[in-house]
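Here the structure comes first, spelled out in structure tokens, and everything after it is commentary.
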There are 2 protein chains.
Amino acid sequence: MSKLTTPPVPAPDAVPCCPPLDERPLTAAEAERTAVMFKALGDPVRLRLFSAVASHPGGEACVCDISDVGVSQPTVSHHLRKLREAGLLASERRGTWVYYRVEPSVLAAMGRLLTTSAP
Amino acid sequence: MSKLTTPPVPAPDAVPCCPPLDERPLTAAEAERTAVMFKALGDPVRLRLFSAVASHPGGEACVCDISDVGVSQPTVSHHLRKLREAGLLASERRGTWVYYRVEPSVLAAMGRLLTTSAP
DNA sequence: CGTCAACATAGACAGGCATCGAATCAGAGG
DNA sequence: CCTCTGATTCGATGCCTGTCTATGTTGACG
């Protein structure tokens, strides 16, 4: 089958969403969707993995480059999957290695959520 | 005792911290501290409570104004405590009511974490 | 004082989640 | 074809946490 760069995970949801948090109270549905992204960054290991990918030269990194975070390699894979399911990272296999990169629009959307409109 | 506006919770930690996530890989200690704040916003109920406080006129709200989020009153109190322990909210008792307000510096610090330096 | 309302705390329970070892899959190279 | 390395998936386990009911604390008001 033409299964080249198809994501092996079910849903790539958690698209950019919602106004700044101090503009209007979020609805239940908005909060549900937004919390997924914050929760994904709410783990120290995932935060280090995300930061490692985001700060890597070229904007992408293979798993072997960022696996040194103090947990087993399956656990690293598990956390990278979570970040991908939350829409924060995208992955692509090139030969032997799998490369992860940051989804830029989602990062900007999260930043906008925390940007206060009042001076 | 002189127990006026003293916070009844142990630690008010989770101060503003760390460079933007795409600048350098976070250390384990940095990630540990930063994850606390993201985890606090990683729950839909807490996100709605925080948004309700942040968007309230005057920048503060009493519990009775924001308690309509579909969970029991003790659960609301529990989540507000979590947000306070994470350093995102501050509370003050005035007469019968307790008012919560957003800790502005922390919000700005979180926004800076997600602000990419590259164009 | 006694009572009422607003919040907080305590304890219990269920579901979620981070972690690991073992097994499996996918390419590269002999 | 075999094997080695990189990475994901699987199943199990133990802790963390979100939720509730019940109770306690604090201040206002007769």
Handout entry: Candidate pair V63(A) and S77(A), rule side chain to side chain contact (heavy atoms under 4.5 Å, CB included), full reasoning
Key = CA-CA 8 Å; V63(A) 180; S77(A) 193; over 6 Å; no
Exercise for the section: Applying side chain to side chain contact (heavy atoms under 4.5 Å, CB included), run through T34(B) and M110(B) and close with a yes or a no. Expected result: CA-CA 9 Å; T34(B) 307; M110(B) 289 187 70; over 6 Å; no
Practice task
Kindly indicate, with the supporting measurements, whether the criterion side chain to side chain contact (heavy atoms under 4.5 Å, CB included) is fulfilled by Y100(B) and R84(B).
Solution key: CA-CA 9 Å; Y100(B) 281 81; R84(B) 192 178 30 175; 4.1 Å; yes
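Annotation: side chain of L41(A) is in contact with side chain of L83(A) (closest heavy-atom distance under 4.5 Å).
Phosphate contact (OP1/OP2 of dA7(D), side-chain N/O of R93(A), threshold under 4.0 Å): absent. The side chain of T96(B) contributes no N or O atom lying less than 4.0 Å from OP1 or OP2 of dA6(C). Close to dA8(C), at under 4.0 Å from its OP1 or OP2, lies a side-chain N or O of Y100(B). Contact check, K82(A) against dA18(C): a side-chain N or O comes under 4.0 Å of OP1 or OP2.
Straight-line distance from the NE2 atom of H79(A) to the C1' atom of dG16(C): 14 Å, rounded to whole Å. For the pair E92(B) CD and dC7(C) C1', the interatomic distance rounds to 15 Å; values are reported in whole Å. Rounded to whole angstrom, the span from the NZ atom of K39(B) across to the C1' atom of dC16(D) amounts to 8 Å. In this entry the distance linking CH2 of W97(B) with C1' of dA28(D) reads 9 Å, nearest Å. Taking atom CZ of F38(B) as the reference point, atom P of dT17(D) lies 17 Å away to the nearest angstrom. The CZ atom of R81(A) sits 13 Å away from the P atom of dA18(C) (whole-angstrom rounding). Taking atom CG of L83(B) as the reference point, atom C1' of dG18(D) lies 13 Å away to the nearest angstrom. Distance R94(B) CZ to dA28(D) P: 13 Å, rounded to the nearest Å.
Residues Y99(A) and L107(A) do not share a hydrophobic cluster, clusters being chains of Ile/Leu/Val/Met/Phe/Trp/Tyr side chains in contact below 4.5 Å.
No engagement by Y99(A) is indicated, since no non-hydrogen atom pair under 4.0 Å with the nucleic acid exists. Base engagement by H78(B) is indicated by at least one non-hydrogen atom pair under 4.0 Å involving a base atom.
Listed by chain and number, the residues in a side-chain contact (heavy atoms from CB on, under 4.5 Å) with R24(A) amount to none (sequence neighbours excluded).
For the segment residues 40-56 of chain A, the set of residues with a heavy atom within less than 4.0 Å of an atom of DNA chain D is empty. For the segment residues 68-76 of chain A, the set of residues with a heavy atom within less than 4.0 Å of an atom of DNA chain D comprises Q73(A), P74(A), in numerical order.
The OG1 atom of T115(B) sits 11.5 Å away from the CD atom of E23(B) when rounded to the nearest 0.5 Å.
A donor-acceptor pair is defined here as one N or O able to donate and one able to accept, closer than 3.5 Å; such a pair exists between the side chain of S55(B) and the backbone of S51(B). In this structure, the side chain of T75(B) does not engage the main chain of V71(B) through any donor-acceptor pair within 3.5 Å.
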